[in-house]
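The next block holds one structure in the form of C-alpha cells; read it before the comments.
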Amino acid sequence: MIIKGQATVVKHTGSHYLLSRLPQWELFPAVLRGKIRLKGSSATNPVAVGDIVDFEADITEEMSGPECLTLENPAVITAVHPRSNYIIRKSTNLSRQSHIIASNLDRAFLVVTLDFPQVKLPFLDRLLVTCEVYNVPPVIVLNKCDLYGPEYDQMRAAFHEIYEGAGYRIVEVSAHTGQGIDELRDMVSGSVSLFSGVSGVGKSSLIKALDPSLEPRVGDISDAHEQGRHTTTFYEMYQVRTGGFIVDTPGLRGFGLVDLKKEEIALYFPEMLKASEGCRFAPCTHTHEPGCAVKDAVENGVISYERYSSYLGMLDEEGKYR
Ligand code: GDP
Ligand code: ZN
C-alpha cells in the first residue's frame, strides 16, 4: 500500500536522507525521485536539513508506519515545501555555487567568547548580517563567562553596549558552571535552532550541556581541505531531550559570506537602517555624503563606532567574494 505524508529532513548522508515527522523523533530513510529543483536556486543540494517534504512510501500490512521503513525500501521524496528561510554556504569564494546548510530555522545562536579565543567583532558583524539577509533571528551567546573576572568588566560592558545597542539579545552562559544553560534550553525548546561559532568557543560543550546524550561532531573542517577535495559537509539535526531541535555547523567559516551590493549592506545593520531614514540622499552609502544621519548617529554615539567600522570593512571588501 502506498501512503503519502509530510516530514522534515533531519540528515543527509550523501546517498540518502533521514526524515522524521517532527515533533516526533523517529527517523526513516528516504531518497529523491528524479530531479527536484527549487526555482531560481543555484544550490548544489536540492533538499536540505530542515526542509519540509512530501513523501510517498510503500508500507506493508505488518508495518505500523513509515518509521518501519528500511534502506532497502526507503520512502521517496516527491516535493519540497517552500522554505521560510535558509542559510547558505559558498562552495568556494569564487564559484557561484552554494550549499544550503539548513532551512526553516527559528533562530541562530552565534556563540562567541570575550577571550580564549577573543571574539573578532567584524566577524561577528558579518554573521549578524548573514542572519539578517537570510531572515534567521540571531541570538548572541557569550560563553565561558566563568572565566571573566572583574578585569573583564569594561570589555563585557562595551560588548553589551555595542550589541544590545544594535538591538540584539545576548545570553551570558558557561558550559562549565551551567550558568545560563536553563535560559538557553528554554529558548531551544519547541523550535529549531542553528548553532554557529568558530572552533574553540565551546559550541560542542554547550550542546552537551543542553543535552548530555548528544555527541556533536568536533573539530573544524578546514575550508581549504574541503575545497581541495570537492567534498561536501553534511549537516544534521539533533533532538534535544528537553524539547526542541538543533542544527550544528562544524567548521562554518563560509557562513559569513553573502553577495550584497554596496548600497544593500547597510540595510542589514538594523540600527543603521533605522537611522538612514534621516539621510539627505537615498541611496546613501553613509561614507562621504553630506547630511548623512548615520554618520551623525555614529558621532553622537547612538550607533557604535565598532559596528560602523565593520560596515566600512564590508563596503571595502564588497565584490571580493564573487
Ligand atoms: P568548540 O570547538 O566550539 O566545539 O569548543 P569545545 O566545546 O570543544 O571547547 C573548547 C575548549 O573550551 C575546551 O577546552 C572546553 O573545555 C573549553 N570550554 C568550553 N566551554 C567552556 C566554558 O564555559 N568555560 C570554560 N572555562 N571553558 C570552556
Ligand atoms: Zn547616510
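Counting convention: from 1, in listed order, for ligands and their atoms alike.
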Are any of the N/O atoms on L147, whether in the backbone or the side chain, positioned under 3.5 angstrom from an N/O atom of ligand 1? no
Ligand 1 N/O within reach of G202 N/O, cut-off under 3.5 Å: yes
What atoms of ligand 1 come within less than 4.0 Å of a heavy atom belonging to V201? 3 (O)
Proximal ligand 1 atoms for S204, defined as those under 4.0 Å from one of its heavy atoms: 1 (P), 4 (O), 7 (O)
To check your reading of the site, what angle at the Zn ion (ligand 2) do SG of C284 and SG of C279 form, to 10°? 120°
Return the orientation label for the H12 and Y17 ring planes: parallel under 30°, perpendicular over 60°, tilted otherwise. parallel
Are F269 and Y308, when compared by the centres of their aromatic rings, separated by less than 6.0 Å? no
Would you check whether C145 has a nitrogen or oxygen atom less than 3.5 angstrom from a nitrogen or oxygen atom of ligand 1? no
Would you call G197 a ligand 1 contact, heavy-atom distance under 4.0 Å? no
If we number the atoms of ligand 1 from 1 as shown, the ones under 4.0 Å from a heavy atom of S174 are 23 (O)
Would you check, one step at a time, whether the test side-chain hydrogen bond (donor to acceptor under 3.5 Å, both in side chains) holds for D125 with Y268? CA-CA 10 Å; D125 289 326; Y268 302 106; over 6 Å; no
Identity of the N, O or S atom of H286 lying closest to the Zn ion (ligand 2): ND1
Suppose I only count heavy atoms of D146 and a 4.0 Å limit; which atoms of ligand 1 are within that range? 22 (C), 23 (O), 24 (N), 25 (C), 26 (N)
I need the atoms of ligand 1 closer than 4.0 Å to a non-hydrogen atom of S199, numbered in the order shown. 2 (O)
Is the shortest side-chain heavy-atom distance between K144 and S205 below 4.5 Å? no
Do you see a donor-acceptor pair shorter than 3.5 Å between the side chains of T78 and D54? no
At under 4.0 Å between heavy atoms, what of V111 touches ligand 1? The answer is neither
Please list, in number order, the atoms of ligand 1 under 4.0 Å from a heavy atom of N143. 20 (N), 21 (C), 23 (O)
Has D146 got a side-chain atom pairing as donor or acceptor with S174's backbone, closer than 3.5 angstrom? no
Could you check whether S20 and Q24, counting side-chain N and O atoms only, form a donor-acceptor pair closer than 3.5 Å? no
Going by distance alone, is a donor N or O of one side chain under 3.5 Å from an acceptor N or O of the other, for Y148 and D115? no
Do the side chains of V31 and F28 join up, straight or via other hydrophobic residues, at under 4.5 Å, putting them in one cluster? no
